[in-house]
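Numbers here are sequence positions counted from 1.
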Amino acid sequence: MAASLRLLGAASGLRYWSRRLRPAAGSFAAVCSRSVASKTPVGFIGLGNMGNPMAKNLMKHGYPLIIYDVFPDACKEFQDAGEQVVSSPADVAEKADRIITMLPTSINAIEAYSGANGILKKVKKGSLLIDSSTIDPAVSKELAKEVEKMGAVFMDAPVSGGVGAARSGNLTFMVGGVEDEFAAAQELLGCMGSNVVYCGAVGTGQAAKICNNMLLAISMIGTAEAMNLGIRLGLDPKLLAKILNMSSGRCWSSDTYNPVPGVMDGVPSANNYQGGFGTTLMAKDLGLAQDSATSTKSPILLGSLAHQIYRMMCAKGYSKKDFSSVFQFLREEETF
């Protein structure tokens, strides 16, 4: 079964992922006061741009953490704050019966669960395993079968909202799994998000996330094109953004995450497109959408074009920049 899972992961458009950007380290122990006795430990695996603030919000709500990340440096500030750091996902499973994973790709999720030192090597019966990665729905279903064989429960719960929402605890979780277990998952996910939505059986959370990110990619490209055209026509970008955001063209990409430098503060476009949601990860998610569209015979004309654009960006040096850097890409590409 582990071999079939790896084949599923390898077939999911994952070749566009490169090493995750890491949030800057800093002390946060002072904001994590809690009554430890009233909470049982929660395992957390994957401390990238999203996982790091998600784990911190669990701490703020009083949950002691059992931490693992493939990059040891990512664990240091948690260790400094008194959290327990272990050396493998299996060790997390040995010490915690509720575990959240937040990983970049299907391959990473398969390794964390089914690898030589994976969760399933030491998972306890009755454990609740919540995967907040964005991966192929078919992989989520296969992982759920493997987890069930061990007497544990698996739920997929990918997130939307970006790094800003992860920091503020306002993520949206799309949850798939056995409905009777939703309340237990909601207890933890509610510490990190303001919306926790039950979608149906395992895999439906991933389905919702893939659809959302395909739309996000399309709207970001559209916003970047509109802003670029307006600027070339002589419009002030802040004025154009204001008009769009009070008109029918308004969308999240224009009013919350504008891709044009200087239009908004606190977004990646104001910081040379650093941080946020990487172009490689958007290309990966669009690959998942493409695979799902093929398997369900669903036409995604704009989704396929968005996939091509983000793949091209990865090949042209934008792989480590935020996906809103599509504006910069359009500005620099003479062929458009």
Please confirm whether the backbone N or O of Pro64 pairs with a side-chain atom of Lys39, one donor and one acceptor, at under 3.5 Å? no
Looking only at atom types and distance, does a side-chain atom of Asn271 sit under 3.5 Å from a main-chain N or O of Tyr273, one as donor and one as acceptor? no
Ser127 side chain to Val123 backbone, donor-acceptor under 3.5 Å: no
Would you find a donor on one side and an acceptor on the other, under 3.5 Å apart, between the side chain of Ser304 and the backbone of Leu301? no
Atom CG in Leu143, atom OG in Ser114: separation rounded to 0.5 Å? 5.5 Å
Using modelled atom types and a 3.5 Å cut-off, is there a donor and acceptor pairing between side-chain atoms of Ser269 and backbone atoms of Asn258? yes
Please say whether more than 12 non-hydrogen atoms of neighbouring residues, nucleotides or ligands are located less than 6.0 Å from NZ in Lys124. yes
Could you tell me whether Lys122 atom NZ has more than 12 heavy atoms of other residues or ligands within 6.0 Å of it? yes
With the threshold set at 4.0 Å, does a side-chain nitrogen-carboxylate oxygen contact exist between Lys76 and Asp80? yes
With no hydrogens and no angle check, is any side-chain donor or acceptor of Asp156 less than 3.5 Å from a backbone partner on Gly203? yes
Classify the angle between the aromatic ring planes of Phe323 and Phe277 as parallel (below 30°), tilted (30 to 60°) or perpendicular (above 60°). perpendicular
Report the distance from atom NZ of Lys209 to atom CE of Met214, rounding to the nearest 0.5 Å. 13.5 Å
